[in-house]
Amino acid sequence: MKLSTPAAQFASLYDGTPKLIAVGAGTDLEAGTVPLRLLRLVRHDGGYLLLSGDSKPEEGEALRPLAIPPAAVRALWSCDEAARRDAERLLGWWEEAGGPDSAPPQVTGDPSTLLHGLLAQAFAEIDGLHRRNAGLQRTLSTLREEWGRSARLPPEAVELLDALRLSPPRLVFASPRPVGALSVPLRHGRNPAGAAEIVQRLPAGARGLAGLDLHLDRAPRGSGVLAVALTGVETGETLAEWAVSFGDLRSGWLPLRLSAASTRMDRLLDLRIGAIGVVTEAPRLSLAQAGLLDEYTVAPPARAIGQPAMLALRLWGGLPGLEYGPATHPAPRPVPDRMVWPLTEPVLAQLRKGRDFEATFPWFGLLRGGRVLLHPLHGVVTAAHIPLDEVPGAVAVRARAVIDDPRCRSAIACKLVAAPPSLTVDEAEREEGVLASSGWMVLEEPRRPLDLSAVLATPWSGPMTLHLFTDIPDRGHGLYGRTIFFDFELEIDARTAWAHPPALPVSEEIAAMP
C-alpha cells in the first residue's frame, strides 16, 4: 500500500494530539462532535493520501510517503462496506509497518455508532487507569514496608523515591554568564508594522516546564509593554504569553512562570519576544555564548565576544500538572519561596585541588555522573574547591558523601563549606569569614551516605566557592577510604533571586491548556 501526506501536514501526524481517521464518503462530522483531530484517507494517483480535516492537496504540492503509522490515533472509521475495504487495506499496512497489535480499532457505521465506540473505549481506558493506579499504590505500600525494615536502601530505590516525591522546581538548563546584549525590536504605538521579533529556540521540551528566566542587560526608558510568547514549533500553538509593563522592568533576571508545570508533549519550543510602546531606550536582553549549541542561536543572528550567541536564560522544570505556588492567577507571587539548583557536570567540571599532594593511588578527581573523589591521606587534610561564577540568592548548600569501598574499616571525617571567592583554603578550613559550613561529620560505615548541609544566615547573590574537606580522625592510614561527594545542589530564595516578582501568563486559559 502506497500512503502519502502533504509535506506541510507531515509533522502534525506525529504529535500527541488524539486523532480519528475517516475513510470514504459520508464521514462528515459537525465541528465539536468529537474532541479528536479528524484525518481523512482518500485515493490519489494509484495510492492513498492522508489529509487533515477538509483540506485538499494543492496542485504541485510536495508529498511525503509514510513509513511509520501516525501517532495517537484512537479509531479508524468507515461508514459503509465500500469504504471498509480501504480501511482494511490501511489496517494491513498498519500491522506490517507498526508491528502486531499496533493498529487502532475499526468502527463501521453512522456517527452515532462511532460515538458509541469512542465512549466505550474511553470507559475502558478509565477502568484500566484505575486498575493501574491501584496496583501502583499497592506496590508503593509494599516497597515502603520492605524498605522500612531494610538496614540500607539500594541506590536504585533512593532514585525512585526522589523521582516520586513532590520536590520543588529544579533548574534544568542554565546558559553561561552573559557577555553581550541585544535590543528588543520595538513596534511604535502609532506604527505597529515593520518591526521584527527575537526568536530563541529552547533547549528543552514542554513537558514538565514550570517557567523560565530572561536576563535584562538594561531596563527600557519610556512607556510600553514587553511581550513574550512561548510557542510549539510542530503545532504552531501558543502555550503561554506574558506581557510585562516597562515600568515593572529592572535590570537583572526576569522570572516568567506558568501557573502549573506543563503537561503538553511539544518537543520543540520557540520563545518569541517583542516590545510595543514609546521609549527613549528599548529594553536590552543579555546574550551568552552558544558554544557547540549552534541550533539554539538566537534570531536575528547575534554574536557574543566573536562567537554565535543565544539569550541568557534559565529553564525550570517540575512534575507535569503540579502547581508550584499558592496562586493560580496573576495576583500574588505564584512561585514557591524556595527553589533547587542542582549542580550539573558542566558546573562541577571547574573542580580544582585545594592542596597539592603526592600519592601512589588516585586521590582526587571528577568522576562520571558528577561525583567528586577526595580520598583522605595520612596526616593531612585533603581539600578541593568548586568556583561558582554567579549564585542567585542562595540560602543553603547541600551535598552527600559516602565511603565507596566496602573494605574500608576506618572512620572518615568530611566537611562542606560555602565561602566568598576571596578566602583561602586554610581560612575556609578554619571557618574564618565563611558564609556557611556543615561542620565536620564522620562517615562510620562504607556505602552508607551522609547528608552534608551548609545553611547561610542570609541569602547570598554573586560569586561563591564551595570547599570540600576530608580527614582521618584517628590519624590512621585510612586504607580503602575512597570518599565520594555527590548530589550537589543549592537552595535558592525566590524573594531575593530575581530583580522583580515573577510574571504569570496573561491568559489563564492558555496557562491551563493541557
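Atom CG of L119 has more than 12 heavy atoms from other residues, nucleotides or ligands within 6.0 Å. Within a 6.0 Å sphere centred on CG of L129, other residues, nucleotides and ligands contribute more than 12 heavy atoms. Counting non-hydrogen atoms of neighbouring residues, nucleotides and ligands closer than 6.0 angstrom, the CZ atom of R267 reaches no more than 12 such neighbours. Around the CD atom of E96, the shell of radius 6.0 Å holds no more than 12 heavy atoms that belong to other residues, nucleotides or ligands.
Listed for the R218 side chain is no donor-acceptor partner under 3.5 Å among the backbone atoms of A181. Formation of a donor-acceptor pair under 3.5 Å by the T5 side chain with backbone atoms of L50 is found in this model. With hydrogens and angles ignored, the 3.5 Å screen pairs a side-chain donor or acceptor of Y14 with a backbone N or O of I68. Side chain of Q9 to backbone of S52: a donor-acceptor contact under 3.5 angstrom is found. Put simply, the side chain of E95 gets close to the backbone of D101: a donor and an acceptor are under 3.5 Å apart. No side-chain donor-acceptor contact under 3.5 Å links W316 to the backbone of V340. A donor-acceptor pair is defined here as one N or O able to donate and one able to accept, closer than 3.5 Å; no such pair exists between the side chain of Q307 and the backbone of Q289. Not one N or O on the side chain of E197 forms a donor-acceptor pair closer than 3.5 Å with the backbone of P185.
Counting only heavy atoms from C-beta outward, the side chains of L90 and Y48 never approach each other to under 4.5 Å. With contacts defined as side-chain heavy-atom distances shorter than 4.5 Å, the pair V228/V244 does not qualify. Considering only heavy atoms from C-beta on, L202 stays 4.5 Å or farther from F173 through its side chain. The closest side-chain heavy-atom distance from V397 to F488 is not below 4.5 Å.
Using a cut-off of 4.0 Å between Lys/Arg side-chain N and Asp/Glu carboxylate O, R257 and D213 are scored as salt-bridged. Using a 4.0 Å cut-off between a side-chain N of Lys or Arg and a carboxylate O of Asp or Glu, R177 and E390 do not qualify as a salt bridge.
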Margin query: Between L20 and V73, does the side chain to side chain contact (heavy atoms under 4.5 Å, CB included) criterion hold? Intermediate values first, please.
Written below: CA-CA 6 Å; L20 169 68; V73 176; over 6 Å; no

Derivation and outcome, side chain to side chain contact (heavy atoms under 4.5 Å, CB included), residues V233 and D266 = CA-CA 8 Å; V233 177; D266 301 70; over 6 Å; no

| message | Please determine whether side chain to side chain contact (heavy atoms under 4.5 Å, CB included) holds for the pair T238 and L230, giving the CA-CA distance in whole Å, both sets of side-chain angles, and the decisive distance to 0.1 Å. | response | CA-CA 6 Å; T238 300; L230 184 66; over 6 Å; no

Please report the C-alpha distance between E491 and R398 in whole Å, then the side-chain angles of each, then the deciding distance to 0.1 Å, and finally whether the salt bridge (charged side-chain N to carboxylate O under 4.0 Å, His left out) criterion is met. CA-CA 8 Å; E491 187 174 338; R398 296 186 176 89; 2.4 Å; yes

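How far CE of M310 is from CD of E295: 9.5 Å, rounded to the nearest 0.5 Å. Taking CZ from R132 and OG1 from T139, the interatomic distance works out to 13.0 Å, rounded to the nearest 0.5 Å. Taken from OG1 in T231 to CZ in R272, the straight-line distance is 5.0 Å, to the nearest 0.5 Å. Going from atom CZ of R74 over to atom CG of L114 covers 13.5 Å, rounded to the nearest 0.5 Å. Atom CZ of R85 sits about 10.5 Å away from atom OG of S78, to the nearest 0.5 Å. Between R314 atom CZ and L212 atom CG the span is 11.5 Å, to the nearest 0.5 Å.
T297 and D294 share no donor-acceptor pair across their side chains, judged by distance under 3.5 Å alone.
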